[in-house]
Amino acid sequence: MQIVTSHKNTDFDALASIIGITILNSDVLGVVPKMVNSNVEKFLSTHKTAFNLILPNELNHENVTKLIVVDTDQWRRLDRMEKLKNREDLEIEIWDHHMNGNGDIEADWKCQEHIGATVTLIVRELKKRNIKLNPLDSTILLLGLYEDTGHLTFRSTTPEDAY
């Protein structure tokens, strides 16, 4: 089983990135941390069933073969993923826009760049693969982008974020 997850106190960039990864690969199951921001909680109360998402307590860790981490590169920020930390047979992939050098997740593959939002990195791959989005998918991806870039006004926002 392949899963994608993100940090506790999940914001819209993290949620959008989780959903974006499940769009990139329909075999990936999104695991949303139990603790999410209040605006994300409101969104999920209405739309959770529209996406391939579960909570960490619904996960059988023994069946996980690949862990995809978005919007962080630190084990301590993940919700209930401790059982996966020391697994040598686990493939790990990271998608992140934070470049603070505090990451302790050793990944087999990384897409980590200075950019305004993690979801921008995922949208880049969606475009490359020419994957079309439905209106709800587009909306959540834009919510993630706009929240993490301050509606494209933060100094960390790049031309690619705006594009």
Side-chain angles (χ1 to χ4, degrees), residues 2-33 35-44 47-48 50-53 56 66-79 81 84-85 90-163:
Q2 300 178 52
I3 64 168
V4 56
T5 194
S6 191
H7 55 80
K8 298 171 194 166
N9 297 318
T10 306
D11 58 17
F12 268 118
D13 185 34
L15 179 64
S17 296
I18 289 171
I19 291 169
I21 293 293
T22 66
I23 296 168
L24 281 172
N25 183 346
S26 61
D27 293 337
V28 175
L29 179 62
V31 181
V32 178
M35 294 177 291
V36 298
N37 288 354
S38 62
N39 55 351
V40 171
E41 184 176 7
K42 289 175 190 170
F43 178 86
L44 287 174
H47 300 293
K48 182 181 183 236
F51 304 104
N52 192 17
L53 303 173
K66 182 175 183 177
L67 170 65
I68 303 168
V69 178
V70 295
D71 206 32
T72 187
D73 59 1
Q74 300 174 32
W75 281 107
R76 67 176 176 78
R77 296 197 68 207
L78 302 181
D79 187 15
M81 295 295 150
L84 300 177
K85 186 174 183 179
L90 183 68
E91 181 182 352
I92 300 177
E93 184 175 299
I94 292 176
W95 296 74
D96 191 17
H97 73 114
H98 302 100
M99 305 290 289
N100 56 21
N102 296 329
D104 63 347
I105 299 176
E106 292 188 32
D108 299 290
W109 183 89
K110 284 184 184 184
C111 181
Q112 194 168 28
E113 297 177 26
H114 283 291
I115 201 158
T118 298
V119 73
T120 301
L121 301 170
I122 296 164
V123 168
R124 178 193 300 159
E125 187 64 23
L126 289 166
K127 287 180 180 179
K128 190 162 104 178
R129 296 185 194 181
N130 201 29
I131 295 174
K132 303 297 180 205
L133 301 173
N134 66 43
L136 184 57
D137 293 339
S138 298
T139 299
I140 186 61
L141 298 181
L142 280 170
L143 284 169
L145 173 73
Y146 282 121
E147 183 182 71
D148 247 34
T149 62
H151 300 273
L152 304 174
T153 65
F154 291 166
R155 293 178 61 84
S156 59
T157 304
T158 67
E160 186 176 5
D161 293 304
Y163 180 71

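Values below: all heavy atoms of this structure, side chains included; hydrogens, waters and symmetry mates excluded.
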Participant: Any idea which heavy atoms bring Pro33 and His7 closest together, and the distance?
Facilitator: CG-O, 3.3 Å
Participant: Does a side-chain heavy-atom distance below 4.5 Å link Ile140 with Leu136?
Facilitator: no
Participant: Starting at NE2 of His47, measure out to CG of Leu53 and round the result to the nearest 0.5 Å.
Facilitator: 12.5 Å
Participant: Going by heavy atoms in the side chains, are Thr22 and Leu29 under 4.5 Å from each other?
Facilitator: no
Participant: Atom CD1 in Ile23, atom CG in Asp137: separation rounded to 0.5 Å?
Facilitator: 3.5 Å
Participant: Is any side-chain heavy atom of Val69 closer than 4.5 Å to a side-chain heavy atom of Met81?
Facilitator: no
Participant: Can you name the nearest heavy-atom pair linking Leu145 to Thr149, along with the distance?
Facilitator: O-OG1, 2.7 Å
Participant: Report yes if some heavy atom in the side chain of Val119 is under 4.5 Å from a heavy atom in the side chain of Phe12; otherwise report no.
Facilitator: no
Participant: Below 4.5 Å, heavy atoms only, C-beta onward: do Ser6 and Leu15 meet side chain to side chain?
Facilitator: no
Participant: Can you tell me how far apart OG1 (Thr157) and NE2 (His151) are? Round to the nearest 0.5 Å.
Facilitator: 11.0 Å
Participant: Output the distance between atom CG (Asp11) and atom OG1 (Thr118), rounded to the nearest 0.5 Å.
Facilitator: 8.5 Å
Participant: Indicate the atoms forming the closest heavy-atom contact of Gly144 with Ala117, along with that distance.
Facilitator: O-CB, 4.4 Å
Participant: Do Thr10 and Asp79 have side-chain heavy atoms sitting under 4.5 Å apart?
Facilitator: no
Participant: Is Lys48 atom NZ crowded by more than 12 heavy atoms from other residues, nucleotides or ligands, each under 6.0 Å away?
Facilitator: yes
Participant: Is it true that Asn100 and His98 share a donor-acceptor pair across their side chains at a distance under 3.5 Å?
Facilitator: no
Participant: For the atom pair CG (Leu152) and CG (Asp161), what is the distance rounded to the nearest 0.5 Å?
Facilitator: 7.0 Å
Participant: NZ of Lys127: more than 12 outside heavy atoms within 6.0 angstrom?
Facilitator: yes
Participant: Would you tell me whether Glu147 and Asn37 have side-chain atoms, one donor and one acceptor, within less than 3.5 Å of each other?
Facilitator: no
Participant: Any side-chain heavy-atom pair from Leu78 and Ile105 closer than 4.5 angstrom?
Facilitator: yes
Participant: Report the residue from Asp71, Thr158, Thr120 that forms a side-chain contact (heavy atoms from CB on, under 4.5 Å) with His97.
Facilitator: Asp71
Participant: Is any side-chain heavy atom of Ile3 less than 4.5 Å from a side-chain heavy atom of Leu84?
Facilitator: yes
Participant: Tell me whether Glu93 contacts the main-chain N or O of Ala107 through its side chain, where contact means a donor paired with an acceptor under 3.5 Å.
Facilitator: no
Participant: Sequence neighbours excluded, which residues qualify as salt bridge (charged side-chain N to carboxylate O under 4.0 Å, His left out) partners of Arg124?
Facilitator: Glu113, Glu160
Participant: To the nearest 0.5 Å, tell me how far Ile92 CD1 sits from Trp75 CH2.
Facilitator: 4.5 Å
Participant: I need the single residue from Asp73, Ile21, Thr72 that forms a side-chain contact (heavy atoms from CB on, under 4.5 Å) with Trp95. Which is it?
Facilitator: Ile21
Participant: Looking only at heavy atoms, what is the nearest atom pair of Gly20 and Leu126, with distance?
Facilitator: O-CD2, 4.4 Å
Participant: Under 3.5 Å, side chain of Lys8 to main-chain N/O of Arg76, donor-acceptor pair present?
Facilitator: yes
Participant: Yes or no on side-chain hydrogen bond (donor to acceptor under 3.5 Å, both in side chains) for Asn130 and Lys132, after CA distance, side-chain angles and deciding distance?
Facilitator: CA-CA 6 Å; Asn130 201 29; Lys132 303 297 180 205; 3.1 Å; yes
